[in-house]
2 protein chains.
Amino acid sequence: MEYRIQEISNMFHIPISTIRYYDKQGLIPNLERDHAGNRIFHENHIETLRVIECLKRIDMPIKDIKEFMHWVAMGDETITKRKDMFFRQKKIVEKKIMELQETLNMIDFKCWYYTVAEEDQTEEKVKQMLPQDMPQEIRQKYFNSHKKKESK
Amino acid sequence: MEYRIQEISNMFHIPISTIRYYDKQGLIPNLERDHAGNRIFHENHIETLRVIECLKRIDMPIKDIKEFMHWVAMGDETITKRKDMFFRQKKIVEKKIMELQETLNMIDFKCWYYTVAEEDQTEEKVKQMLPQDMPQEIRQKYFNSHKKKESK
DNA sequence: TCTTGACCTAAACTAAGGTTTAGGTAGTAC
DNA sequence: GTACTACCTAAACCTTAGTTTAGGTCAAGA
């Protein structure tokens with residue numbers, strides 16, 4: 001099955017200009033052209049774009065994605081490199097999730113804080129509130145989001 | 001207690017140039033200068049920078065951070081705006097975490113895939129493997145990370 | 001044949017988020 | 001008094017990740 005750039009664009013909800021940009025940056029190796037020079041995509045290129053989607057989601061820079069894609073194109077001799085790369089990415093994503101979880105704690109604290117402030121019609125009261133007067137789960141988020149700074 | 005830009009830079013591990021940039025962009029309202037024009041930071045500015053750190057972590061653009069900081073500077077009349085903003089950000093971060101969790105599933109699948117490929121010294125065998133032949137938890141991650149595309 | 005639509009390229013442009021540079025001031029140290 | 005350090009500014013510059021533009025090709029339909 002062959003696909004044209006427009007179909008790929010619809011399939012992935014990526015603008016055509018972006019797909020061409022990815023190709024130009026070398027993110028889609030072995031992409032062939034028809035007699036007229038039009039890009040022709042096959043299943044393997046769709047798989048490539050799926051991987052690009054995944055790698056982009058974790059903010060991997062274009063040039064790293066390119067390197068990875070070239071390893072894929074080089075075949076079995078680069079399996080270990082690719083494996084190592086995914087294990088490194090796993091750590092990075094796990095760390096990101098943990099950081100976001102911490103951020104969420106901070107946000108939850110702020111949500112609570114402003115909900116109280118709104119009820120009071122002023123920040124003054126909640127600003128003065130001591131941790132022991134906060135609801136249990138908020139107190140935890142508060143310590144959670146402030147601990148880093150306090151340990152310095 | 002007063003702080004100079006260098007101390008703030010060390011405290012937050014942010015380059016001086018970046019702090020000046022934030023100030024220029026209006027992210028640190030009410031920052032005063034000494035007789036010589038040097039920026040003088042107080043506890044409230046440190047709190048501001050802590051909030052900036054938090055908002056940056058969730059990729060809030062500079063101009064939104066600026067808006068928020070100005071609401072803070074405006075006092076109690078903007079409490080509801082700020083509260084609403086944090087509730088919106090809460091949703092955004094929760095969504096990001098879910099997306100990253102999905103990405104992690106994809107990565108876990110790839111880690112398994114390349115671990116098998118490395119053992120086999122070739123991708124061929126694992127590439128042909130059917131879901132029912134994969135380990136239980138990998139099969140789930142596989143379906144998890146491929147379901148979106150298959151439902152289209 | 002003419003036109004229309006989908007495609008192509010190179011290169012300029014954009015936006016975000018800083019960083020670097022060039023030139024200058026203020027306060028302390030010798 | 002001059003050297004040194006920390007600070008200042010405006011403006012140019014940089015990188016990333018695209019987007020837009022201007023000009024062109026190709027195949028199909030009226």
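Quick caveat: nothing in here was measured; it's all calculated off a predicted structure. Convention: sequence-line order gives letters A, B, ...; per-chain numbering from 1. Keep in mind that the numbers below use all heavy atoms, side chains included, and drop hydrogens, waters and symmetry copies.
- In summary, A/E47 and A/R50 engage in a salt bridge, as defined by a charged side-chain N under 4.0 Å from a carboxylate O.
- A heavy atom closer than 4.0 Å to some atom of DNA chain D occurs in A/P61, A/I62, these being the qualifying members of residues 59-66 of chain A.
- Looking only at distances, a side-chain donor or acceptor of A/D76 sits under 3.5 Å from a matching main-chain atom of B/E123.
- Using modelled atom types, one side-chain atom of A/H45 and one backbone atom of A/H42 make a donor-acceptor pair closer than 3.5 Å.
- Put simply, OH on A/Y3 is 19 Å from C1' on C/dA6, counting in whole angstrom units.
- Nearest-nucleotide mapping onto DNA chain D: of B/I16 and A/K56, the residue sitting toward the 5' end is B/I16.
- Taking the six-membered ring where the residue is Trp, the centroids of A/F68 and A/F86 are separated by under 6.0 Å.
- Here C/dG17 presents its P atom at 14 Å from CD1 of B/I14, a figure rounded to the nearest Å.
- Nucleotide C/dC7 holds its P atom 5 Å from the CD atom of A/Q6, rounded to whole Å.
- Put simply, chain B comes within 4.0 Å of DNA chain D, heavy atom to any atom, from D/dC7 to D/dA11, going 5' to 3'.
- Rounded to a whole Å, the NE2 atom of A/H35 is 12 Å from the P atom of C/dC8.
- Put simply, A/R4 has no side-chain N or O that comes within less than 4.0 Å of OP1 or OP2 on C/dA6.
- Non-hydrogen atoms lying under 4.0 Å from DNA chain D are contributed by B/R20, B/K24, all within residues 18-27 of chain B.
- Judged by distance alone, with hydrogens and angles left aside, the side-chain atoms of A/Q140 form no donor-acceptor pair with the main-chain N or O of A/E137 at under 3.5 Å.
- The pair B/K90-B/E94 meets the salt-bridge criterion, since a charged nitrogen lies less than 4.0 angstrom from a carboxylate oxygen.
- Defined by atom type and a distance below 3.5 Å, a donor-acceptor pair is present between the side-chain atoms of A/N10 and A/Q6.
- Counting heavy atoms from C-beta on, the side chains of B/Y114 and A/D84 never come closer than 4.5 Å.
- Side-chain N or O atoms of A/T103 include one that pairs as donor or acceptor with a backbone N or O of A/E99 at under 3.5 Å.
- Ionic pairing of B/D23 and B/R33 is present here: one or more N-O contacts between side-chain nitrogen and carboxylate oxygen are shorter than 4.0 angstrom.
- Figure legend: cation-pi geometry between A/K110 and A/Y113, with NZ or CZ positioned under 6.0 Å from the six-membered ring centre and within 45° of its axis.
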